[in-house]
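What follows is a short report on a single structure.
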Amino acid sequence: MATSNYENDELVFATEETSISYLPVERKPWTLLVVDDDEEVHTVTRLALNGLELNGRRLSFRHAYTGEQACKILGESAEDIAVILLDVVMENDHAGLDVVRYLRDTLKHPEPRIILRTGQPGYAPEEDVIKQYDINDYKTKTELTRGRLTTSVITALRSYQQIMALNSSRLGLQKIIGSMSNLMEEHSVKSFCEGVIIQLSSLIGLNAEGVVCARAGSVLEREDDGIYVLGAAGDHAMHINQPVEQLNNPHLIESIHRCLRLKQHISEPEFTVLFLQRAGFEAAVFINMQGDIRAAEQELLEVFLSSVSIGYENVHLFHQLRNAAFRDWLTRLPNRNEFINTLERQRTIALSQTLALVDISHFSDINDGLGQDAGNDLLRAVALRLQSELSNNVFKARIGNDVFALLGPAELITPQIINQLFSVAFTAHEHTIPLSVSVGLCEIDTTSRDSLALLKSANIALNLAKRKHTENYVFYTADMEQKTTTQLELIRKLRADFADAKLELWFQPQVDLINEKVVGAEALLRWPDGDGGYISPAVFIPLAEYSGLIVEIGHWVIEEACRRICDLDRLGYGDLRIAVNISIPQFRDQQFEERVKSALAAHDCAPDKLELEITESVVMDEPQIVIDALSALKAHGVAIALDDFGTGFSSMSYLQRLPLDRLKVDRSFVKDVGPKNNPVLAETIVTLGNKLGLATIAEGVETREQASYMIKLGCEEAQGFLFARPMPFDDMVNFLAVRQTSH
Ligand code: C2E
Ligand code: CA
Ligand code: CA
């Protein structure tokens, strides 16, 4: 054959590659069978392809000089041969094509790729032969320059590799689907993802190398929206749980982002990023697969990916279920369920243990005021503080929105330790927030009460602690439960008596301190006990608030007050105002504002004859709701008084934001008034009221001395036993008849 064709070809010249000492070949080489009757073609081919490498595998050559020899080699080891460079014309015109027929028809080896070579351009085989025998390439020898030969061989090797991979995959599909069930039992995301890469790589015939990535959040227990490596195999294994940005390959990182953004497979020359999706969660799978995903592969991959997705979904769900069941999503602390489980295990241990519930005071204010994000931050900060400051022997959980639970040795959980912990302010967003807490504690002994009962006990103590003004903690005692039962009975009875219209509204006159004329009255509830006595509102109002009953009772009070304002007007006391007490649940009633207005309208009352009394604690509880409702009613003409003023200095900041008319100086300040005491506080309060342009009224004035002292301080009005006790309406009418005319 004409060898001169090669002579000015670059392939003839041995390049530097020949002088490179070969590294030890770890991987099985691709075997290339060169079939040609021209010795020189063999040499030139070897030289041309020397050093060629594909996927880390070099080439090894086998040589045949006749069709017959080729058939012999193929008969012995066709499964080893990847590519055949086959001369068409050898011992006869069709020797080459005979080899092809033998390989495909007789040996039934469809895999080896065939590149036909012929010296004569006219000697091209029929097109149907090329198709029938799955011949990869047809080249005249003149075309086979070094560059072209390399390209041809690489293309052939690639398709051989793919065919082999698909073959083994097809055979192994059953196995893969079977192995999926193994993957599904893999309950950790990390090992599942590693499994996916290994399976996927073996499917495509690559070394296990790649990563599975997804947006953080539920899968990785992270809050941010970054993309993380869930699992990996090969070189990338060290990046597990790291942000994808750590992969050190900008192109790859970009492709992973793109894959998740476009929700589709990304095919790059150097790698492939497959998109995985199932039931709302998504992952990107990077593998070293190069080039386009071909149709056959595509199909197989889809099968695989959908199986993987199911497995992924299972792993994901399992993870979520575990978390939802036993972890608090926000702080990652154990949740109520987990706490009860632990309590169940611990309480059988004969050690003296303490269970504490820590409730953040006014948490809803902070949430409303700073926003939910800051609120969440704050809860996380509290969780962190608990974890870092308390001993590891203390079990910590978040069992309610703003309630944390602690369980551990008694000496490690004391009110002092807990208060110490909360004495330093917390940081949430850019805010520094001091927190106060209420603590309910329950000492656990070995008397076998179940864990739910223990939690309930601690809760009873907590509720008492919240209402306490002296300290912020309460230890549970057995008689508390008894109290609770009686309280429940009381609530039941209150509900029934209210429905039977047995509640009464009494009135305590309020007087002008100078002339002692009645200027108004405070409406006070009375609950007859059936024996001629009355149950104190100090006892039943908290129960009515607790049970929610106060909303309806409170509304009745407003209605009744309006009715009485109307009565007074008819009796010639049209300038008297009536004050009613309002509790926080009433403000939470969305209709509150409207209901007050319609009560006024129904009785044709001048709104300024109705005064609403709110306590400082009401304002503290839900400042914005209260301020909004009061502002609207104030605009309507209703008067507003701040009750029990001075008992909580924390409210000073709200003072300016409340649409107030009057401050009611708490009885405790009035009581202390006298020449022997230092009435600094009373004085301060009255002065403050005056400075704010508010009227002041002294509560609980029982003696002349107190009355004159309050006058001296600049207080205009007073209410107290000195002037009148609370009385039924008719009695007050009689009282007025005497008082208003006689003075
Ligand atoms: P409060 O609003 O501070 O009402 C004043 C309380 O002081 C009344 O007790 C009254 O009888 C008492 N008091 C008046 N003058 C004197 C005095 O000179 N000396 C002494 N020692 N006490 C005096 P009461 O009627 O037992 O009411 C207790 C609390 O019950 C009230 O405190 C108020 O917070 C609540 N309350 C009463 N009626 C209602 C109501 O209709 N709705 C709501 N939400 N709460 C009410
Ligand atoms: Ca009051
Ligand atoms: Ca009061």
Side-chain angles (χ1 to χ4, degrees), residues 467 469 494 498 503-511 513 518 520-529 533-564 577-589 592 596 599 610-619 621 626 639-648 651 660-673 685 696-707 709-710 717-729 731-732:
R467 278 187 234 142
H469 294 300
L494 178 63
F498 173 61
L503 294 191
E504 298 171 18
L505 196 60
W506 287 22
F507 297 88
Q508 182 178 33
Q510 299 173 328
V511 302
L513 265 175
V518 177
E522 178 177 6
L524 294 160
L525 271 168
R526 290 296 177 264
W527 182 16
D529 65 4
Y534 290 91
I535 300 165
S536 167
V539 171
F540 73 83
I541 292 292
L543 296 181
E545 287 175 346
Y546 174 76
S547 63
L549 210 52
I550 193 68
V551 175
E552 287 318 307
I553 293 179
H555 187 61
W556 174 78
V557 168
I558 291 165
E559 286 270 357
E560 187 69 3
C562 290
R563 188 166 74 89
R564 293 315 195 183
R577 59 168 199 262
I578 300 282
V580 295
N581 295 282
I582 309 292
S583 294
I584 186 68
Q586 294 178 265
F587 283 103
R588 289 202 199 101
D589 172 19
F592 177 68
V596 174
L610 182 69
E611 183 166 86
L612 304 182
E613 285 191 10
I614 50 152
T615 60
E616 295 184 81
S617 60
V618 166
V619 186
D621 243 29
V626 173
I640 317 286
L642 190 59
D643 205 354
D644 303 344
F645 185 65
T647 51
S651 68
L660 296 176
D661 296 280
R662 205 178 316 281
L663 293 182
K664 295 190 79 176
V665 180
D666 191 68
R667 197 163 67 225
S668 55
F669 300 104
V670 175
K671 212 172 62 191
D672 288 345
V673 162
I685 286 166
T696 47
I697 177 167
E699 283 194 284
V701 175
E702 295 179 350
T703 64
R704 276 279 147 218
E705 205 184 7
Q706 290 166 345
Y709 203 85
M710 292 315 291
E717 296 174 348
Q719 174 185 349
F721 294 171
L722 174 66
F723 310 104
R725 290 189 173 246
M727 59 186 101
F729 183 75
D731 291 3
M732 184 173 70

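All ligand and atom numbering here is 1-based and tracks the order in the structure.
In this structure, CD1 on I550 lies 12.0 Å from CG on D589, to the nearest 0.5 angstrom. For the atom pair E560 CD and I578 CD1, the distance stands at 10.5 Å (nearest 0.5 Å). With values rounded to the nearest 0.5 angstrom, I582 atom CD1 is found 11.0 Å from E611 atom CD. For the atom pair CD (Q510) and CZ (R577), the distance works out to 5.0 Å, reported to the nearest 0.5 Å.
Close to ligand 1: P726, with a non-hydrogen atom less than 4.0 angstrom away. At least one heavy atom of E522 sits closer than 4.0 Å to an atom of ligand 1. The shell of residues lying under 4.0 angstrom from ligand 1, judged by heavy atoms, excludes K664.
Scanning all heavy atoms of the two residues, the minimum distance from G700 to V670 falls at O-CG1, 4.0 Å. Among all heavy-atom pairs drawn from Q586 and I558, the shortest one is NE2-CD1, 4.2 Å. Shortest non-hydrogen contact noted between Q508 and A724 is NE2-O, 3.1 Å. The two residues F498 and L503 make their nearest non-hydrogen contact at CD1-CD1, 3.7 Å. Of all heavy-atom pairs spanning W506 and P726, the tightest one is CE3-O, 3.5 Å. Considering all non-hydrogen atoms of both residues, L660 and L663 come closest at CD1-CD2, 4.1 Å.
Of the protein's non-hydrogen atoms, the one nearest atom 42 (N) of ligand 1 is N581 O, 3.4 Å. For atom 27 (O) of ligand 1, the closest heavy atom belonging to the protein is P537 CG, 3.4 Å. Protein heavy atom nearest atom 44 (N) of ligand 1, with residue, atom name and distance: S583 OG, 2.9 Å. Regarding atom 15 (N) of ligand 1, its nearest protein heavy-atom neighbour is Q508 NE2, 2.9 Å. Counting protein heavy atoms only, atom 37 (C) of ligand 1 is closest to L524 CD2, 3.6 Å. Protein heavy atom closest to atom 7 (O) of ligand 1, with residue, atom name and distance, is R667 NH1, 2.9 Å. With respect to atom 35 (C) of ligand 1, the closest heavy atom belonging to the protein is I541 CG1, 4.1 Å.
Geometrically, ligand 1 and F721 share a nitrogen or oxygen pair separated by less than 3.5 Å. Looking at Q719 next to ligand 1, no N or O pair under 3.5 Å apart turns up. No N or O atom of Q586 sits closer than 3.5 Å to an N or O atom of ligand 1.
Here R725 has no heavy atoms under 4.0 Å from ligand 1, in either its backbone or its side chain. Within the 4.0 Å heavy-atom criterion, neither part of V580 lies near ligand 1. Neither the backbone nor the side chain of E545 has any atom closer than 4.0 Å to an atom of ligand 1 (non-hydrogen atoms only).
The E702 neighbourhood of ligand 1 comprises atoms 17 (C), 18 (O), 19 (N), 20 (C), 21 (N), with distances under 4.0 Å to a heavy atom of that residue. Close approach to V557 involves these atoms of ligand 1, each under 4.0 Å from a residue heavy atom: 41 (O). Shown in contact with D644 at under 4.0 Å from a heavy atom are these atoms of ligand 1, numbered in order with element: 3 (O). Each of the following atoms of ligand 1 lies closer than 4.0 Å to a heavy atom of G720: 15 (N), 18 (O). When each atom of ligand 1 is checked for a heavy atom of E699 under 4.0 Å away, the hits are 3 (O).
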R563 and E559: CA distance, side-chain angles, deciding distance, salt bridge (charged side-chain N to carboxylate O under 4.0 Å, His left out) verdict: CA-CA 6 Å; R563 188 166 74 89; E559 286 270 357; over 6 Å; no
side-chain contact (heavy atoms from CB on, under 4.5 Å) between T615 and I584, worked out: CA-CA 9 Å; T615 60; I584 186 68; over 6 Å; no
Evaluation steps, side-chain contact (heavy atoms from CB on, under 4.5 Å), between E699 and D644: CA-CA 8 Å; E699 283 194 284; D644 303 344; 3.4 Å; yes
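The protein reaches atom 21 (N) of ligand 1 closely, with a heavy atom under 4.0 angstrom from it.
Counting only non-hydrogen atoms, the option in I582, T615, L525, L505 that gets closest to atom 40 (C) of ligand 1 is L525.
Not a single donor-acceptor pair under 3.5 Å links the side chain of S583 to the backbone N or O of P585. At distances below 3.5 Å, not a single donor-acceptor pair connects side-chain atoms of E552 with backbone N or O atoms of L549.
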Using distance only, find each side-chain donor-acceptor pair of residues 521-529 under 3.5 Å and give its atom names and separation, not counting sequence neighbours.
residue	atom	partner	partner atom	Å
E522	OE1	K664	NZ	2.9
E522	OE1	Q719	NE2	2.6
E522	OE2	N581	ND2	2.9
W527	NE1	D497	OD2	2.8
D529	OD1	D531	N	2.8
D529	OD1	G533	N	2.9

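Residues V596 and L610 have side chains in contact (heavy-atom distance under 4.5 Å, counting atoms from C-beta outward).
Geometry about the Ca ion (ligand 2) gives an angle of 90° between OD1 of N581 and OE2 of E522, rounded in steps of 10 degrees.
Distances shorter than 3.0 Å separate the Ca ion (ligand 3) from the protein N/O/S atoms D643 OD1, D644 OD1, E699 OE1, E699 OE2.
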